[in-house]
There are 2 protein chains.
Amino acid sequence: MNVKQLRAFVTVARTLSFAEAANILHLSQPTLSLTIKNLEDLLGGRLLSRTTRTIALTPEGDALLPIAKQLLAQWDNAEEEIHQRFSLKKGKIAIAAMPSFAASLLPEGLLNYHQKYPKIKVEIHDVLADTVVDMVRQGRLEIGISFDPGNNDDLNFKPLMKDRFIAVLPKDHPLRTAKNISWKILLEHDFITLQRPSSVRQLIEETLEQHNLTLSVAYDAHQLATVGRMVATGLGVAVVPALCEQQMQEQGAYCLPVIEPTIARDIGIITRSRTQLSTAAIAMIDVLIRTFEKRVN
Amino acid sequence: MNVKQLRAFVTVARTLSFAEAANILHLSQPTLSLTIKNLEDLLGGRLLSRTTRTIALTPEGDALLPIAKQLLAQWDNAEEEIHQRFSLKKGKIAIAAMPSFAASLLPEGLLNYHQKYPKIKVEIHDVLADTVVDMVRQGRLEIGISFDPGNNDDLNFKPLMKDRFIAVLPKDHPLRTAKNISWKILLEHDFITLQRPSSVRQLIEETLEQHNLTLSVAYDAHQLATVGRMVATGLGVAVVPALCEQQMQEQGAYCLPVIEPTIARDIGIITRSRTQLSTAAIAMIDVLIRTFEKRVN
DNA sequence: ATCAAAATGGCAGGTTTCGATAAAGTGGTG
DNA sequence: CACCACTTTATCGAAACCTGCCATTTTGAT
């Protein structure tokens with residue numbers, strides 16, 4: 001039994017005419033005759049009692065009709081459902097992004113995506129950079145935004161932009177008029193930064209060590225927002241990704257480029273290699289690239 | 001999208017191997033490859049992410065799988081349902097029978113039918129003989145059991161048996177030892193019969209009129225059971241179809257053949273001509289014929 | 001008898017199917 | 001670390017099959 005046969009039966013049952021049904025189905029009358037006959041043979045008896053003048057449903061046909069209608073409706077729904085998913089009119093996509101990106105640029109990308117594919121739901125996981133990588137690796141979601149996880153067989157990294165690190169100073173700090181500030185000077189002040197598992201903290205420590213600079217941390221916190229507020233309050237200075245510049249300024253802190261050394265890292269899209277991405281994910285990646293490509297903070 | 005494609009997809013999703021799935025589906029592996037490919041093309045994207053070593057569902061495939069499973073299950077159910085109806089394992093059939101038959105022989109036929117097709121429900125309408133004919137003519141049910149409705153374009157009559165009319169006497173009646181009884185003698189007693197719309201009453205009146213005999217009715221009732229009880233009580237005598245002989249005897253009356261004239265009528269199966277009978281109905285007719293054919297009461 | 005509609009038969013085009021073969025990814029091995 | 005062998009899917013070409021149409025016949029109703 002196939003869909004064509006069932007559709008033919010329902011149409012004949014509705015029109016009570018082979019000729020008219022054949023028209024509707026874009027078939028010739030003989031073909032329709034045969035189709036119905038095949039269906040009847042398959043099911044083991046007549047569904048339609050037909051003379052040249054009158055078509056009527058047999059009791060079995062009567063029983064099949066509502067079932068067939070429902071079946072066809074569900075069939076079409078299923079097809080439409082998947083079709084919509086593929087054509088991005090529907091569906092859901094999950095993204096993990098490191099907090100600095102999630103809270104700064106990501107919304108702009110999401111806005112572009114939503115304008116293009118308004119029916120797709122997007123779920124954002126703003127978690128630590130390492131967690132982003134883990135979540136993608138475990139297949140918990142399709143797209144991660146973080147910095148380059150390094151050579152990795154099962155992960156792909158597509159760079160989006162460079163993220164410099166910037167110094168954050170209280171607004172009334174004497175150095176705020178300078179064009180930039182060196183680490184050496186910066187480290188003479190009380191230093192506020194993120195707590196250890198953070199990638200920002202790690203990167204700062206590693207880089208300073210390479211340049212034989214010593215970091216003494218006065219305060220550390222979990223969230224950049226806290227750091228920003230602490231700096232604004234005058235507790236000390238900090239170094240954060242440029243991505244957070246706007247956030248820092250909004251909290252009343254002042255941002256300056258930090259040099260000697262300049263710290264920068266690639267931020268990009270992480271996906272699993274060897275795994276087919278959903279069309280929604282492919283579209284999301286496309287939008288993100290268009291939005292952020294070659295942008296340097 | 002067709003059933004074959006969906007079944008192929010579900011099987012591959014279950015086995016996670018094209019080769020194994022092809023075996024299960026009794027297809028060659030290339031054919032299965034192409035089937036899946038066609039389904040994917042139709043829906044607009046990949047459902048299965050496949051390498052030579054690993055097969056995995058894409059998000060869309062994941063979404064389709066439960067839908068497809070449900071759809072196929074319903075599909076099979078529908079097919080099975082109708083199939084069972086045709087093979088008489090299921091279904092319902094309605095019969096109308098005149099009361100004299102319904103209360104006497106019919107149960108024997110129904111028993112045979114039920115033994116052969118235990119899943120079929122049977123609905124009995126024990127109504128007046130004329131009503132039986134009307135119900136069949138109107139298409140309210142497929143099978144009627146009554147006497148010959150006469151030449152009729154839209155009805156078929158298939159005789160089952162001859163039904164003689166018999167005299168019913170109180171058990172202590174002086175004539176009960178006779179081999180038979182003539183109408184002339186019978187009419188000397190108080191006569192009990194059915195009320196006018198009944199076919200029994202009509203047939204008796206018509207026949208007697210043809211033989212110049214006069215019927216004077218002392219009592220008339222609606223149901224044969226009442227007539228029987230009245231006779232048994234000694235209120236008078238009656239003439240009823242032989243079908244009711246057992247019933248009369250059970251009620252304490254005594255039955256004798258009635259002669260001069262003998263009244264008999266054909267009892268048979270009435271169906272609509274030019275209408276396809278359900279398989280259940282065809283089987284019922286077959287059973288009834290086997291059970292009652294050539295039986296003469 | 002005539003007319004209209006479904007059934008049947010024959011034929012063409014397209015699809016499906018298969019076997020054979022190619023391509024690709026994986027895992028082991030030197 | 002590169003290469004080879006093995007396994008599995010993808011591709012290709014030919015044959016079988018099915019499906020569709022047209023022409024014709026059959027059938028039932030007027």
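By convention in this document, chain letters (A, B, ...) are assigned in the order of the sequence lines, proteins followed by strands, and residues within each chain are numbered from 1. Side chains are part of it too, since the values below use all heavy atoms of this structure and drop only hydrogens, waters and symmetry mates.
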Item checked: Residue that, paired with R7(A), satisfies side-chain hydrogen bond (donor to acceptor under 3.5 Å, both in side chains) out of D76(A), T35(A), N2(A) -> D76(A)
All N/O pairs under 3.5 Å across the protein-nucleotides 21-25 of chain D interface:
{"from": "dC21(D)", "atom 1": "OP2", "to": "S28(A)", "atom 2": "N", "distance (Å)": "2.6"}
{"from": "dC21(D)", "atom 1": "OP2", "to": "S28(A)", "atom 2": "OG", "distance (Å)": "3.0"}
{"from": "dC21(D)", "atom 1": "OP2", "to": "T31(A)", "atom 2": "OG1", "distance (Å)": "3.1"}

Side-chain donor or acceptor of [X] paired with backbone N/O of [Y] under 3.5 Å:
X: T291(B); Y: G109(B); result: no
X: T58(A); Y: R46(A); result: yes
X: E142(A); Y: L277(A); result: no

Next item on the list: Within residues 1-18 of chain B, find the residues that approach DNA chain D with a heavy atom at under 4.0 Å, and present them sorted by residue number.
Entry: S17(B), F18(B)
Next item on the list: Would you please name every residue forming a ring-ring contact (aromatic ring centres under 6.0 Å, His included) with F147(A), sequence neighbours left out?
Entry: none
When the distance from [atom1] of [X] to [atom2] of [N] is rounded to whole Å, what number comes out?
X: R50(B); N: dT8(D); atom1: CZ; atom2: C1'; value: 12 Å
X: D41(B); N: dA10(D); atom1: CG; atom2: P; value: 12 Å
X: I55(B); N: dA10(D); atom1: CD1; atom2: P; value: 7 Å

Next item on the list: Identify whether the distance between the nearest side-chain nitrogen and carboxylate oxygen of E40(B) and R50(B) falls below 4.0 Å.
Entry: yes
Next item on the list: Please work out whether the ring planes of W75(B) and W75(A) are parallel, tilted or perpendicular, with thresholds of 30° and 60°.
Entry: tilted
Quick one: side chains of residues 282-290 of chain B, donor-acceptor pairs under 3.5 Å with protein atoms, not counting sequence neighbours, listed by atom name and distance.
{"from": "D286(B)", "atom 1": "OD2", "to": "R290(B)", "atom 2": "NE", "distance (Å)": "3.0"}

Next item on the list: Only pairs at least two apart or in different chains count here, so list each salt bridge (Lys or Arg N to Asp or Glu O under 4.0 Å) that has a residue in residues 62-72 of chain B.
Entry: none
Check: Taking F157(A) as the fixed residue, which of I269(A), D266(A), T271(A) is the one that meets the side-chain contact (heavy atoms from CB on, under 4.5 Å) rule?
Finding: D266(A)
Margin query: I'd like the 5' and 3' limits of the part of DNA chain C contacted by chain A, with heavy-atom contacts below 4.0 Å.
Written below: dC3(C) to dT26(C)
